[in-house]
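Remarks on the structure that follows.
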Amino acid sequence: MSSLHALSHSLNGGKPVFTIWCGLPEPLIAGTLAQEPGYGCVTLDLQHGAMDLAAAIRAIPLVAAAGKPSLPRIPVGEFQTASRLLDAGAAGIIAPMINSVQDARAFVAATKYPPVGGRSWGPHAAVPLSGLGPAEYFAAANSLTVTFAMIETREALAQVDAILAVGGIDALFIGPYDLSIGLSGGGAIDPDGPETSQAIQHALTRAKAAGKRAGIYAATGERAGHFANLGYDLIAIGTDAVFLREGAASMLRAAVAPA
Ligand code: 3PY
Ligand code: MG
């Protein structure tokens, strides 16, 4: 199975998919982490990460060489970037701050071919990566490329059913940090707090009721395990910078441990 087929396939497999969160602007880091067994996907963060479009486009074939799909997150409202990443072979897109039906429709317009959306033709790397011919890729693309609409404001949470009802939105993706800022009216960052946790459960329930998938970000492995137990389909873990520092710290701890 091609890496382009792998994400939609594994999201239908009934087991949670763990995706590695990469923000460093070096494609080799994403390509190296992609080789870690057990992770089903690699996320390239163009919103808060230092990764730019050129680095992401170079990372996608390196991630694919490890047999894994890439799932980039675009900057807020940069839907043209979503089209370009799909052309480069991304298996899906996470779009931050989808707060309304209008935002959801603009996201779909850039990521799904007509009649669902208005994606323009030019999948230069996606076609060879898919293992399909151009006509077959065109026929399969709307179901292969998974669209994750980020729910991370009070406004988005209030509109969650309407956003889920937009054709071409395949999944929600919860941002617990921004959500906690929004829910507290700018009072605190509390991604694990009771109000955020209740919203995380509510969004999951609504996504399942709509027959769609749900993803979420977790800063730690323990939190990721909790979300897997709740029933989330895709859980992002990371970041790459944290992995590097924790690896360095744990090696040093072992080196200087008392005998
Ligand atoms: C958030 O928690 O707000 C996120 O965007 C996760 O990366
Ligand atoms: Mg966020």
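Both backbone and side-chain heavy atoms feed into the values below; hydrogens, waters and symmetry mates do not. Both counts, for ligands and for their atoms, begin at 1 and track the order of listing.
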Hey, can you tell me if W121 and Y113 have their rings parallel, tilted or perpendicular (30° and 60° cut-offs)?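 The rings of W121 and Y113 sit tilted, inter-plane angle from 30° to 60°.
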Does T145 have any side-chain hydrogen bond (donor to acceptor under 3.5 Å, both in side chains) partners at least two apart in sequence or in another chain, and if so, which?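 Here no residue qualifies.
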Atoms of protein origin (N, O or S) under 2.8 Å from the Mg ion (ligand 2):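 Within the sphere that stays under 2.8 Å of the Mg ion (ligand 2), the protein atoms of type N, O or S are E152 OE1, D178 OD2.
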State, with a plain yes or no, whether a side-chain heavy atom of L144 is found less than 4.5 Å away from one of L7.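 Not touching, per the 4.5 Å side-chain cut-off.
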Counting C-beta onward and ignoring hydrogens, is there a side-chain heavy-atom pair between Q80 and S83 closer than 4.5 Å?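 No. Closest side-chain heavy atoms not under 4.5 Å.
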Are side-chain N/O atoms of H202 and T205 paired as donor and acceptor at under 3.5 Å?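 H202 vs T205: no donor-acceptor pair found between side chains.
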Measuring from each atom of ligand 1, which residues have a heavy atom under 4.0 Å away?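 Ligand 1 pocket, heavy atoms under 4.0 Å: W21, R73, M150, E152, G175, P176, Y177, D178, Y217.
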For F173 against A236, the heavy-atom pair lying closest together: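 Nearest pair, atom of F173 first, then A236: CZ-CB, 3.9 Å.
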Salt bridge check, D170 against R213: does any charged N sit closer than 4.0 Å to a carboxylate O?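 Salt bridge flag = no for D170 with R213.
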Quick one: side-chain hydrogen bond (donor to acceptor under 3.5 Å, both in side chains) pairs with a partner in residues 224-252, sequence neighbours left out?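 Found K208-D233.
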Do other residues, nucleotides or ligands put more than 12 heavy atoms under 6.0 Å from the CD1 atom of I189?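 No, because the 6.0 Å sphere around CD1 of I189 holds 12 heavy atoms or fewer from other groups.
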